[in-house]
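Throughout, protein chains are lettered first and strands after them, A, B, ... in sequence-line order, and every chain is numbered starting at 1. Values reported hereafter were calculated over all heavy atoms of this structure, with side chains retained and with hydrogens, waters and symmetry mates removed.
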Amino acid sequence: MTSVRVPAGSPATEEEARAVQDALRARVVLDEPGPPAGSGYVTGVDVAYDDERDVVAAAAVVLDAATLDVVAEATAVGPVPFPYVPGLLAFREIPAVLAALERLPVAPGLVVCDGYGRAHPRRFGLASHLGVLTGLPTIGVAKNPFMFAYDDPGAARGSWSPLLADDGEEVGRALRTRAGVKPVFVSVGHRVSLAGACAHTLALASAYRLPETTRRADALCRRALRETTT
DNA sequence: GCGACAG
DNA sequence: ATCTTGTCGC
């Protein structure tokens, strides 16, 4: 199991963190369609915590988008760099995720994050942040709607409805990946269109509600956390 | 001021 | 995120 400690260096205050988001937001690229779904590599990233021991473990799992076979995986562990604050999740997860991505032996391709991208109070969620820092195409697939409104999409797999901000902007989509099951909440991160993000999500989530990428990354980071004794 | 609030 | 057993079902 590849594992490495993550370097320190995070905002000292919430105000500082919000300022970082406001500064980096301008670098998000929204006018690229992104790679086509179903081919190339797709990488899932996720993290698990043990606040008692002050440990965060991240995992990055690369899948062949056509077969969903695992191509490569990497993990990284380190101290929890930031408390959980709604809207500032990225500062808690990104240092470890970056370290795990750097340990991969192959280029990640499109990165699927467990959380939001554009669907964020300041339009700069975890997926947007990771995209800007790495330059990679990224999308966010969340299990719960944050502070946005939506109508329940149709019961059929593939049905969707817009995820709307207060000002009426479509910041993402509630996408039904399995018939009759609670939808997932998709938003773009960096260099991918919303339609493309949904196409990737649907291609990755045929057997279960969540994309295979996040399922694999979730299992791996939990295991890495369990096996960490430092 | 009070509550809501991705993971 | 995390605390947490057994159980019903494919």
Side-chain angles (χ1 to χ4, degrees), chain A residues 6 10-11 14 17-18 20-21 24-25 28 44-61 75-98 100 111-132 138-150 162-166 169-175 177-190 194 197 201 205-211 213-226 228:
Chain A
V6 309
S10 295
E14 295 182 21
R18 293 192 185 90
V20 169
Q21 292 181 327
L24 293 181
R25 185 176 47 231
V28 175
V45 294
D46 193 18
V47 304
Y49 304 95
D50 184 338
D51 289 290
E52 292 286 295
R53 294 189 298 158
D54 188 39
V55 175
V56 55
V61 180
T75 61
V77 298
V80 181
F82 207 82
Y84 172 66
V85 180
L88 300 179
L89 181 63
F91 296 96
R92 192 170 162 78
E93 312 212 330
I94 278 190
V97 168
L98 285 176
V111 178
V112 180
C113 298
D114 186 15
Y116 283 125
R118 193 130 215 280
H120 178 273
R122 285 170 296 284
R123 303 292 184 274
F124 195 71
L126 171 62
S128 317
H129 202 144
L130 185 65
V132 166
T138 60
I139 69 173
V141 180
K143 297 181 286 295
N144 299 291
F146 194 12
M147 43 173 62
F148 300 100
Y150 71 98
L163 193 60
L164 303 172
D166 293 333
E169 180 191 341
E170 181 182 24
V171 294
R173 289 178 183 173
L175 176 65
T177 53
R178 296 205 68 191
V181 174
K182 177 179 177 174
V184 295
F185 304 89
V186 181
S187 59
V188 304
H190 186 56
L194 182 53
T201 301
S206 49
Y208 298 93
R209 174 189 174 228
L210 297 178
T213 37
T214 57
R215 286 170 44 76
R216 294 276 190 177
D218 178 76
L220 182 55
C221 68
R222 287 186 193 229
R223 192 179 63 166
L225 185 63
R226 282 202 316 269
T228 297

Subject >> A:Arg123 side chain vs A:His120 backbone, donor-acceptor pair below 3.5 Å >> reply: yes
Subject >> Atom pair CZ/OG1 of A:Arg209 and A:Thr214 - distance to nearest 0.5 Å >> reply: 9.5 Å
**OP:** Taking salt bridge (Lys or Arg N to Asp or Glu O under 4.0 Å) as the test, write out the residues that go with A:Arg25, two or more places apart.
**Re:** A:Asp22
**OP:** Just call it for A:Asp51: base, sugar-phosphate, or nothing, with non-hydrogen atoms closer than 4.0 Å on any strand.
**Re:** nothing
Original post:
Base, sugar-phosphate alone, or nothing: which one does A:Gly140 contact when heavy atoms must sit under 4.0 Å apart?
Top reply: nothing
**OP:** Could you tell me from which nucleotide to which nucleotide of DNA chain C, 5' to 3', there is an atom under 4.0 Å from chain A heavy atoms?
**Re:** C:dA1 to C:dT2
**OP:** Go through the structure and list residues passing salt bridge (Lys or Arg N to Asp or Glu O under 4.0 Å) with A:Arg178, not counting sequence neighbours.
**Re:** none
Original post:
By side-chain contact (heavy atoms from CB on, under 4.5 Å), which residues pair with A:Ala127, not counting sequence neighbours?
Top reply: A:Cys113, A:Thr138
Original post:
Heavy atoms under 4.0 Å, any strand shown: does A:Ala119 hit a base, just sugar-phosphate, or nothing?
Top reply: nothing
Subject >> Stems involving DNA chain C, each a run of at least 3 consecutive Watson-Crick or G-U pairs under 3.5 Å >> reply: none
Original post:
CG of A:Leu225 to OG1 of A:Thr75: how many Å apart, nearest 0.5 Å?
Top reply: 10.5 Å
Original post:
A:His190 side chain to A:His129 main-chain N or O, any donor-acceptor pair under 3.5 Å?
Top reply: no
Original post:
Contact boundaries of DNA chain B with chain A (under 4.0 Å, heavy atoms), 5' to 3'?
Top reply: B:dC5 to B:dG7
Original post:
How is A:Tyr116 classified with respect to the nucleic acid when contacts are heavy atoms under 4.0 Å: base, sugar-phosphate, or nothing?
Top reply: base
**OP:** Just jot down the side-chain hydrogen bond (donor to acceptor under 3.5 Å, both in side chains) partners of A:Tyr49, sequence neighbours excluded, or say none.
**Re:** A:Glu93
Subject >> Residues in side-chain contact (heavy atoms from CB on, under 4.5 Å) contact with A:Asn144, at least two apart in sequence or another chain >> reply: A:Lys182
Original post:
Is there side-chain contact between A:Phe146 and A:Pro86, with at least one heavy-atom pair below 4.5 Å?
Top reply: yes
Subject >> Under the side-chain contact (heavy atoms from CB on, under 4.5 Å) test, residues paired with A:Leu164 that sit two or more places apart >> reply: A:Pro162, A:Glu170
Subject >> salt bridge (Lys or Arg N to Asp or Glu O under 4.0 Å) involving A:Arg222 - partner list, sequence neighbours excluded >> reply: A:Asp218
**OP:** State which residues pass salt bridge (Lys or Arg N to Asp or Glu O under 4.0 Å) with A:Lys143; sequence neighbours excluded, sorted by chain then number.
**Re:** A:Asp114
**OP:** Answer with base, sugar-phosphate or nothing: what part of the nucleic acid does A:Ile94 contact at a heavy-atom distance below 4.0 Å?
**Re:** nothing
Original post:
Taking only Watson-Crick and G-U wobble pairs with both distances under 3.5 Å, what dot-bracket line describes DNA chain B, where [ ] shows pairs that cross earlier ones and | shows pairs with another strand?
Top reply: .......
